[in-house]
Amino acid sequence: GQQHNHLTQRNKRPWEPSRKHTAANSSSCTSVKQRLKPRKKLAQKYTSWDLSERQLCDLELILNGAFSPLEGFLGKDDYETVLRDMRLKSGVIWSMPINLDVSKAFADTVKVGESIALRDQEGVLIATIKIEDMWTPDKAKEAWAVYGTEDQKHPGVDYIMNTAGPVYVGGTVRGVVNDGDFDIPVP
């Protein structure tokens with residue numbers, strides 16, 4: 001996809017910081033941008049996965065803390081614990097697995113321990129994930145555990161069985177600041 005590094009306020013993504021900063025915090029914004037610049041440069045060399053709309057929403061909720069305490073997509077142990085006990089391994093109540101599902105063809109090109117770039121449908125780099133786990137889930141078991149049915153007339157079950165990729169990738173995600181995210185208006 002083609003990269004678009006300019007966004008208007010109207011179509012700005014919710015996980016991106018506001019472009020309106022005061023002079024008082026401009027040095028901290030510059031500091032953040034400088035700290036994240038090497039991550040962005042390094043991520044350009046990574047294998048990329050283009051996120052679906054659903055995956056992008058999940059990533060946004062991980063990055064903005066709404067899915068706290070998650071720091072990434074679930075690994076296999078947390079995934080199985082959520083299905084069995086509705087809890088993370090840590091004991092925190094968690095009723096639905098948050099998965100990064102990928103195609104088998106993509107999974108065959110990456111391995112555990114590798115980092116990959118996560119991009120939106122326009123090709124814009126949003127985050128990276130360090131692959132800590134990769135497995136083929138039992139989707140019927142997942143559907144039953146999450147929705148209490150395997151009936152594909154249920155939209156959630158239909159998504160798991162017919163839309164979600166056959167391989168799940170778990171690991172810690174790190175947001176990447178795009179050029180221009182911390183533009184400071186010059187008087």
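No hydrogens, no waters, no symmetry mates; every other heavy atom, side chains included, goes into these values.
Residues Tyr79 and Trp94 keep their aromatic ring centres 6.0 Å or farther apart.
Taking hydrophobic clusters as Ile, Leu, Val, Met, Phe, Trp and Tyr residues chained together by side-chain heavy-atom distances below 4.5 Å, Met86 does not share a cluster with Val146. The same ILVMFWY cluster, assembled from side-chain heavy atoms under 4.5 Å apart, contains both Met96 and Leu83. Ile129 and Val112 fall within the same hydrophobic cluster, where Ile, Leu, Val, Met, Phe, Trp and Tyr residues are linked whenever their side-chain heavy atoms come under 4.5 Å apart, directly or through other members. Note: the hydrophobic cluster containing Val92 also contains Ile62 (ILVMFWY, side chain heavy atoms under 4.5 Å, direct or indirect links).
Side chain of Asp85 to main chain of Arg87: no donor-acceptor pair is present (N/O by atom type, distance under 3.5 Å, no hydrogens or angles). Glu80 contributes no side-chain N or O that, together with a main-chain N or O of Asp77, makes up a donor-acceptor pair within less than 3.5 Å. Using a distance-only test at 3.5 Å, with no hydrogens or angles considered, no donor-acceptor pair links the side chain of Asp58 to the main chain of Ile98. At distances below 3.5 Å, at least one donor-acceptor pair connects side-chain atoms of Lys139 with backbone N or O atoms of Ile160.
Residues forming a ring-ring contact (aromatic ring centres under 6.0 Å, His included) with Tyr159 (at least two apart in sequence, or on another chain): none. Partners of Tyr46 under the side-chain hydrogen bond (donor to acceptor under 3.5 Å, both in side chains) rule, at least two apart in sequence or in another chain, do not exist in this structure.
Below 30°, between 30° and 60°, or above 60°: for Trp135 and Tyr168 the angle between ring planes is above 60°, a perpendicular geometry.
Residues Gln44 and Leu125 have side chains in contact (heavy-atom distance under 4.5 Å, counting atoms from C-beta outward). By the 4.5 Å heavy-atom criterion applied to side chains, Trp49 and Val169 are not counted as neighbours. Side-chain contact between Asp120 and Leu51 is absent, with no heavy atoms from C-beta onward closer than 4.5 Å.
Across all non-hydrogen atoms, the minimal contact from Val157 to Thr149 is CG2-O, 3.5 Å. Shortest non-hydrogen contact noted between Arg119 and Ser48 is NE-OG, 2.8 Å. Here the shortest heavy-atom pairing between Thr47 and Glu114 reads OG1-OE2, 3.7 Å. Listed here is the closest heavy atom pair of Ala43 and Ala117: O-CB, 3.9 Å.
At a cut-off of 3.5 Å, with distance as the only test, a side-chain donor of Asp101 or Gln55 sits close to an acceptor on the other residue. Checked by atom type, the side-chain pair Tyr147/Glu142 shows no donor-acceptor distance below 3.5 Å. At a cut-off of 3.5 Å, with distance as the only test, no side-chain donor of Asp50 or Gln121 sits close to an acceptor on the other residue.
Interatomic distance, CG of Leu74 versus CG of Leu88, reported as 6.5 Å (0.5 Å rounding).
Of the listed residues (Glu132, Glu71, Lys130), just one forms a side-chain hydrogen bond (donor to acceptor under 3.5 Å, both in side chains) with Thr172, and that residue is Glu132.
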### Task
Evaluate the criterion side chain to side chain donor-acceptor pair (under 3.5 Å) for residue pair Thr128 and Arg174; output intermediate values, then yes/no.
CA-CA 5 Å; Thr128 61; Arg174 296 287 177 245; over 6 Å; no
